Amino acid sequence: MPELPEVETVARQLAPLVAGRVIRGVQIHDPKLRQVARERLTGGTIESVRRIGKQVVLQLRQGRGVRRWLVIHLRMTGRLIWRAAPARCERSHLRLRLRLDGGSLCFYDLRRFGTVQVLDRPDGAATAGLDPTSPAFTARALEELLRGGRGQLKPWLLRQDRLVGLGNIYCSEILFEAGLAPHRAVGTLTDEEVARLHRTTRAVLRRAIRHCGTTFSDFQDAQGLTGSYQRYLKVYGREGQPCPRCCGPVRREQQQRSTFFCPRCQR
DNA sequence: ACCCTCCTGTCA
DNA sequence: TGACAGGAGGGT
């Protein structure tokens, strides 16, 4: 579930469910996460759940003003699910379980690419890139980021050190909305195109967040997310289907990862 | 800019 | 059996 809108959805759904709860125990089911068990999280209170980039950040208060941050990156297949007390936890692909008063916060991750860190400082979770949903993300800011940039537009957008939160789905969608070809050289964008890219980035993300993101293989967990933005995808995963604008076939290009676009509408 | 790798699963 | 999957770090 891991692009910005999905992670935002997870954080928003989780916050009211776990904020204020105390960690009573930590269970590790994946040797990769062993170090988390050594961090003595037990006794800490979850103060807040937020999204930073594509990460979910739980702020913990350990007592006497000591704060720590549990930073979870879901990568490709990570899921965070709250199980209220009487409910049993599904065990398959369960990697980490935080026993809280009143229930459990379960981290599932089929492919085990996800990461969990415990930090003493919140800025450890900070990413170098600008969050495209923040007020600081203006057309002007985007233009400055793009200035002097090299290479193609889509790989540029995928990197997390300039803008955070965009991944393979939303890059394709945003570029389609903006009418920009994925392989356009970054340096060749006109002011008007930059403005369009800025506008569509905000619009696509806002809309996706409103629909709780995109869910493909729809797990129907009680508290898991069931996003519906997949209904609104215009090019992603639609190779050969008609472009919503010109009705020509959507093209897919595969280098390392698939890119979907309309060669006629995107220049 | 292009590879591969970390994993496990599903689908053609 | 091989291709591919929402991410990202590493190497060349």
Side-chain angles (χ1 to χ4, degrees), chain A residues 1-11 29-35 51-57 71-81 90-96 107-117 124-129 131-132 149-176 181-187 201 204-205 207-209 211-219 221 224-240 252-261:
Chain A
M1 13 224 113
E3 296 182 46
L4 185 153
E6 291 76 35
V7 181
E8 179 71 28
T9 301
V10 171
H29 301 275
D30 180 347
K32 274 187 173 177
L33 303 180
R34 233 172 319 137
Q35 80 288 355
R51 174 189 63 79
I52 296 181
K54 293 180 188 172
Q55 305 173 110
V56 179
V57 180
V71 181
I72 300 165
H73 198 311
L74 303 171
R75 294 288 177 97
M76 297 282 268
T77 54
R79 296 151 58 201
L80 276 173
I81 295 179
E90 170 62 46
R91 293 300 295 264
S92 74
H93 309 131
L94 178 62
R95 307 302 178 199
L96 171 70
F107 173 56
Y108 295 90
D109 189 12
L110 186 151
R111 291 174 75 179
R112 300 166 61 214
F113 290 166
T115 59
V116 180
Q117 314 168 250
T127 35
D131 191 299
R150 263 184 289 276
Q152 301 182 349
L153 203 42
K154 194 206 174 202
W156 191 94
L157 289 172
L158 277 174
R159 285 184 49 165
Q160 304 293 302
D161 53 353
R162 297 168 283 222
L163 289 183
V164 291
L166 300 182
N168 213 30
I169 296 180
Y170 294 105
C171 279
S172 281
E173 293 300 305
I174 287 166
L175 289 173
F176 173 77
H183 5 70
R184 261 295 283 282
V186 169
T201 298
V204 167
L205 293 177
R207 213 147 65 95
I209 290 170
H211 293 284
C212 297
T214 302
T215 314
F216 284 149
S217 28
D218 32 2
F219 343 85
D221 327 278
L225 50 134
T226 44
S228 59
Y229 193 74
Q230 63 273 19
R231 281 187 239 149
Y232 305 92
L233 296 176
K234 295 188 176 166
V235 288
Y236 186 86
R238 305 180 66 88
E239 182 185 17
R252 168 179 162 201
E253 255 172 32
Q254 174 102 25
Q255 340 269 14
Q256 241 249 77
R257 322 188 56 190
S258 299
T259 299
F260 298 88
F261 64 105

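This is a predicted model, so every value here is computed, not measured. When reading the values below, keep in mind they use all heavy atoms of this one structure, side chains included, and skip hydrogens, waters and symmetry mates.
Considering CZ of Arg95(A) and CG of Leu33(A), their distance stands at 8.5 Å, rounded to 0.5 Å. The line from OG1 of Thr259(A) to CD of Gln152(A) is 8.5 Å long, rounded to the nearest 0.5 Å. The CG atom of Leu96(A) sits 10.5 Å away from the CG atom of Asp109(A) when rounded to the nearest 0.5 Å. Between Glu6(A) atom CD and Thr215(A) atom OG1 the span is 7.0 Å, to the nearest 0.5 Å. Distance check: Ile209(A) CD1 to Glu8(A) CD gives 5.0 Å after rounding to the nearest 0.5 Å.
Salt bridge status for Lys32(A) with Asp30(A): absent, with no side-chain N to carboxylate O gap under 4.0 Å.
Heavy atoms only, all atoms of each residue included: Leu166(A) and Glu3(A) are closest at C-OE1, 4.0 Å.
In this structure, Gly151(A) reaches the sugar-phosphate backbone alone: every heavy-atom distance under 4.0 Å involves primed, P, OP1 or OP2 atoms, never a base.
Regarding Ile169(A), its CD1 atom lies at a distance of 17 Å from the P atom of dC4(C), rounded to whole Å. Distance CD (Gln255(A)) to P (dA3(C)): 16 Å, rounded to an integer number of Å. Between the OH atom of Tyr170(A) and the P atom of dG7(C) there is a distance of 10 Å, given to the nearest Å. In this structure, Leu74(A) atom CG and dG7(C) atom P are separated by 11 Å, rounded to whole Å. The distance from atom CD of Glu239(A) to atom C1' of dA3(C) is 13 Å, rounded to the nearest whole Å.
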For a quick check, with a 4.0 angstrom heavy-atom cut-off, what is the B/S/- contact string for nucleotides 7-12 of chain B, read 5' to 3'? BBS---
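When only modelled atom types and interatomic distance are considered, Arg111(A) and Thr77(A) share no side-chain donor-acceptor pair under 3.5 Å.
With Ser258(A) as reference, Gln254(A) is the one residue of Gln255(A), Gln256(A), Gln254(A) to meet the side-chain hydrogen bond (donor to acceptor under 3.5 Å, both in side chains) rule.
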Base-pair string, DNA chain B, Watson-Crick plus G-U, cut-off 3.5 Å on both distances, | for inter-strand, is ||||||.|||||
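Taking the six-membered ring where tryptophan is involved, the planes of His211(A) and Tyr229(A) are tilted, since the angle between them lies from 30° to 60°.
The phosphate of dA5(C) (OP1 or OP2) has a side-chain N or O of Gln254(A) nearer than 4.0 angstrom. Between dA5(C) and Ser258(A), a contact under 4.0 Å exists linking OP1 or OP2 to a side-chain N or O.
Taking the P atom of each, dC7(B) and dG10(C) are spaced 15 Å apart, rounded to whole Å. Nucleotides dA1(B) and dA5(C) place their C1' atoms 22 Å apart, quoted to the nearest Å.
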Listed pairs, N/O of protein and of nucleotides 8-10 of chain C, under 3.5 Å:
| residue | atom | partner | partner atom | Å |
| --- | --- | --- | --- | --- |
| dA8(C) | OP1 | His73(A) | NE2 | 3.0 |
| dA8(C) | OP2 | Lys54(A) | NZ | 2.6 |

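Both tests pass for Arg79(A) against the ring of Tyr108(A): distance under 6.0 Å to the centre and angle within 45° of the axis.
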